[in-house]
Asker: 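After the structure tokens below, expect a handful of questions from me.
Heavy atoms only: backbone and side chains are in, while hydrogens, waters and symmetry mates are out. Predicted, not measured: the structure shown is a model, and the values here were computed from it. Throughout, protein chains are lettered first and strands after them, A, B, ... in sequence-line order, and every chain is numbered starting at 1.
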Amino acid sequence: MRPLAGFVEGAIDRVGSLTAWIALVMIGLVAVNVLLRYAFSVGSVWAQELEWHLLAALILLGMSHAVQRGGEVRVDLFYARFPKPLQRAVDVAAALLLIAVSLAFIKLSIAYVGQSYAIDERSADPGGLPYRWAIKALIPVGYGLLVLQQLAHLVRLLAGHDSAEDSRV
Amino acid sequence: QSARFNWKMTSAYGKGSPFYMDGPGSATDLAKRIREMSDGRLNIQVFGAGELIPAFEGFDAVRAGTVEMNHANSYFWTGKTFAAQYFTAVPFGMNFQGMNGWLYDGGGIDLWNEVYAPFGMVAMPCGNTGVQMTGWFKKEIKSVADFKGLKMRIPGLAGKVYANLGVDVKVLPGGEIFPALERGVIDAAEFVGPFQDRRLGLQKAAKFYYTTGWHESSTVSELLINKAAWDKLPKDLQAIVSNAAAACNVISEGWCQKANSDAMEDLVKNQGVIARPLPDDVIKALRTETDKVLADAVKDPLVKKVHDSYFAFKAKYDRWSEISEEAYHIKVRG
Amino acid sequence: MSTYALMMLGGFFVLLMLGIPVAVSLAVSGFVFGWLGFGETLFSLLPARFYGIVGGYQWMAIPLFVFMGVMLEKSRLADDLLDVMGHLAGGLKGGMAIGIVLFGVLMGATTGIVGATIITLGLLTLPTLIRRGYDKSVACGVICASGTLGQIIPPSLILILLSDIMQLSVGTLFAAAVGPGLLLALVYIAYLVVMGWLRPATMPAIPQAERDAVSRRELWTRFFKVLVPPVMLVVAVLGSIVGGVAAPTEAASMGAVGAVLVTLFSGRFNMKVLKDTALETSKITAVMMLILMTAQVFALAFRGLHGEDLIAAMFDQLPGGVNTAIWFLMAIIFVLGFFVEWIEISYIAVPLFLPILTSMGVDPVWLAMLITVNLQSSFLTPPFGWALFYLKGVAPPEVNIKDIYKGVVPFIGLQALTLILVFLFPQIALWLPKAIGW
Ligand code: NA
Ligand code: NA
């Protein structure tokens, strides 16, 4: 199990690197759109839509990597004072719950994406981008990655590694 | 004891928006009329944009049957099926009377339902803004050349037409139109009509108000209903919904006439707005470009069917309105 | 059914206190009690809500501001920023904290999103404040409160949403919010001055000896070197809005480009810095959006469980009178603010009371400002407060949530004080829109 978990974590790391580039491209694109419009009155609807398409990809593909790097926010008011075994129990419960929740999200969103795919949905703006369903499909993909990441995390926890702190890269 | 129905209706417009969500003929008014006429047997809870779902998610929600009804404009769904454009407004299309003639008696509603049949939905008109306005411009438009490099907020099909004439089309949500126009991020903006535009304060950002919306000569509000839910309603409740929608279609348009007359008078008299139509050759150029854009769309057989029906009706109606409405406006009205 | 709504709030609270991550607590409590109350139906709307968030135009500002903040942090130019502020403040205790409030006002004028300001301030200033001997909770409190100012100082998402719900012009609300927003900042500053005098150990001035060691000339050189670039970036963002270069949401991209340029000129730019900044940006953005998405489960369940019926039932028990109604609304908004985010509060509470209050002749613009000031507290009140989460997300590990909770308490009190001031003196809100004719 451990090597498999390591493999999953490595893959999530690579997806994380990808989202870093997506972030750069998105920021650059917004700036370029602003400057081109201001300086040369040049712009297009598709380039503006691409801005938030990239944002969606950045969020949904970046979630699992962010969680893997310990980005989750928790209230550690009492947790910090829990004995180690109790902390681990909370962590295991949290991982199981996050997996369950993500699976529910995936199940709910597949029908939503299917509706869009079946009609080859595109932007409602004639100057906009095609393949709207592809952006929607990132919802189940993103939560799928999160499930994989949490499974790997669970393997580590059950193998006796300490709480989330230690799994920070 | 007859069955009671508790339905949900979502809207593409925010809670409290006049015309769409509040006031005579609005979504909440529609629900109220249906409740009263059915003596509470069909009780519709109305949700503004964002309350249950984001503004433009009503189509999918009704299609899935999670909500039974959605109140919006069909042209929001052109990314799903382009023919939906024609049931709201098409550039250089018909006015309120002509549109109703086509929808109710010229086969329009039947085509609407045909377009939505694959999605398991039915639709009917239930509101109309009447003629909208071309929009607010910081500088005067004297010729088509003035469009070159003009930065304008204008969504949809009309945006494509402007873009073909050299306009730099900017997509902005309602809340950012005013600051962007005021600061000159954009040079022009289209929104709705005098009453709604004045609410955004657009007259404080631009002085030239080009009138008569060539792009939306009347804009239909759509009542979208899940077909399975609709079929479960007894005949009398179906009749109540259809009649309430028809009532709102007329009543909301009437409200717009009053609200826009008041607002326009205030804009011109008190706020220094210069209201005028676009020059003739600009309108001509827009028409030529619109024809090109639509010619591209009718390659799809379903779109062609709707397009042909719409424009065949329009051709006839144009001749009739020439000797009725037009003559009235020019010779009789005073 | 609304009993389930209460139980859901309780369940969320318990999970959160156990140390279950915020995102998980929100989704689980929402799913469980929603499912008990109304079954599966409404939850099929979740994907539409997710899509609305990940594709939400207004959220684009978050990665843009985060990038600007992280880049500045990596450039290490910001390290000295507060030191210089501290030096310039001389012997005044709390000088750096006051600088943060002022910075919050400036940042607030560039964005309507709380996360953007708090993340920027948290990254740039929290480590320095702690190093300079500030009490951790004081530092956290001032950052959260200053960052939240962005939601009252226009442009602001709250004002845009309220204009929709209350049928008011956005321009009028923007103008009306300037007074209360600046008043709030002034109240914060006055508090810091007083506390710096009463409890100097919690917000020390830069020691006399160290201040003496730096000559005036040297200080001004450093001033231009370290204070000017970040301020220039804020000016770049603000300036691009005021100068008509960019719409409010996209303006932060000018700050992001500026941050790269500033780092480039400082000679600290390289590909690794760029890559690390991008990685941090995507991490922080993704986590915040994950919380926002799971909050949709909770919000949808609260609505499905008719949480608003609870409020309506309580209101019926009240004696009449305009002020009773206003303060009941204020109390409801404040209490909901502990558990629910401001968007849901606005949708739930405002429409319930708006018809009653307008029929009593309450000025809607003034009412909108009371609501806006009050909503400020929802960002700060634990357990669910966006400002708290945003700051926790970027704070150094030695800062725990307790420090943040403790730090925001006085500022919640100051927000209540400001609310009372705007209530007693409506002109604070109403003067400007009238004066400029918006
Ligand atoms: Na702001
Ligand atoms: Na709160």
Asker: Counting heavy-atom pairs closer than 4.5 Å to chain C, which one of A:M63, A:H65, A:K107, A:R37 comes out on top?
Answerer: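 Of A:M63, A:H65, A:K107, A:R37, A:R37 has the most heavy-atom pairs under 4.5 Å with chain C.
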Asker: Can a donor-acceptor pair be found, under 3.5 Å and without considering hydrogens, that links the side chain of A:R74 to the backbone of C:G19?
Answerer: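 Indeed, once roles are kept as given, a pair shorter than 3.5 Å links the two residues.
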Asker: Would you confirm whether A:S17, through its side chain, and A:D13, through its main-chain N or O, come within 3.5 Å as a donor-acceptor pair?
Answerer: yes
Asker: Any chance CZ of A:F82 has more than 12 other-residue heavy atoms, nucleotides or ligands included, within less than 6.0 Å?
Answerer: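 Count over threshold, so yes.
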Asker: Between C:N400, C:V54, C:L45, C:V394, which shows the greatest number of heavy-atom pairs under 4.5 Å with chain A?
Answerer: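 Top option by heavy-atom pairs under 4.5 Å: C:V54.
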Asker: Among A:A23, A:A31, A:S64, single out the residue with the greatest number of heavy-atom pairs under 4.5 Å to chain C.
Answerer: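 With the most close heavy-atom pairs to chain C, the winner is A:A31.
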Asker: Taking side chain as everything from C-beta outward and backbone as N, CA, C, O, which of these in C:V245 sits under 4.5 Å from a heavy atom of chain A? Side chain, backbone, both or neither.
Answerer: both
Asker: Would you mind telling me which of A:G142, A:A57, A:A66 has the largest number of heavy-atom pairs within less than 4.5 Å of chain C?
Answerer: A:A66
Asker: Is the distance between the ring centroids of C:F389 and C:F384 under 6.0 Å?
Answerer: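 Close enough - the centres of the two rings lie under 6.0 Å apart.
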Asker: Please identify, among C:Y51, C:Y390, C:Y405, the residue contributing the most non-hydrogen atom pairs under 4.5 Å to chain A.
Answerer: C:Y51
Asker: Is a donor on one side and an acceptor on the other found under 3.5 Å between the side chain of A:Q115 and the backbone of A:A111?
Answerer: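 No; zero donor-acceptor contacts below 3.5 Å.
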Asker: Which region of C:V260, side chain (C-beta onward) or backbone (N, CA, C, O), has a non-hydrogen atom less than 4.5 Å from a non-hydrogen atom of chain A, or is it both or neither?
Answerer: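 Looking at C:V260, nothing touches chain A.
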Asker: For chain A, which candidate among C:A48, C:G393, C:A286, C:P47 shows the most heavy-atom pairs at distances under 4.5 Å?
Answerer: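 Option with the greatest count: C:P47.
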Asker: Between A:E49 (side chain) and A:L129 (backbone), is there a donor-acceptor pair under 3.5 Å?
Answerer: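 Present.
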Asker: Only one of C:F31, C:F43, C:F33 clears ring pair (Phe, Tyr, Trp, His ring centres under 6.0 Å) with C:F38; which?
Answerer: C:F43
Asker: Please rank C:M60, C:M288, C:K402, C:E280 by heavy-atom pairs under 4.5 Å with chain A and give me the top one.
Answerer: C:M60
Asker: If you count heavy-atom pairs within less than 4.5 Å of chain C, which of A:L108, A:I139, A:L29, A:T19 leads?
Answerer: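 Result: the option with the highest number of such pairs is A:L108.
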Asker: Can you say whether the rings of A:F105 and C:F50 are parallel (under 30°), tilted (30 to 60°) or perpendicular (over 60°)?
Answerer: perpendicular
Asker: Looking only at heavy atoms, what is the nearest atom pair of C:V287 and A:V73, with distance?
Answerer: CG1-CG2, 4.2 Å
Asker: C:E398 vs C:K136, test: salt bridge (charged side-chain N to carboxylate O under 4.0 Å, His left out). Steps then yes/no.
Answerer: CA-CA 9 Å; C:E398 71 262 30; C:K136 273 188 280 181; over 6 Å; no
Asker: Let me know if A:S102 has heavy atoms under 4.5 Å from chain C in its side chain, its backbone, both or neither.
Answerer: neither
Asker: So which of C:G55, C:A246, C:G56, C:A252 has the biggest tally of heavy-atom pairs under 4.5 Å with chain A?
Answerer: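 Counting heavy-atom pairs under 4.5 Å, the top option is C:G55.
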Asker: Let me know if A:L55 has heavy atoms under 4.5 Å from chain C in its side chain, its backbone, both or neither.
Answerer: both
Asker: Shorter than 4.5 Å, heavy atoms on both sides: which option in C:T294, C:L64, C:I62, C:L15 has the most such pairs with chain A?
Answerer: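 The candidate making the most pairs under 4.5 Å is C:L64.
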Asker: Can you tell which part of C:I20 gets under 4.5 Å to a heavy atom of chain A, answering side chain, backbone, both or neither?
Answerer: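 Both backbone and side chain.
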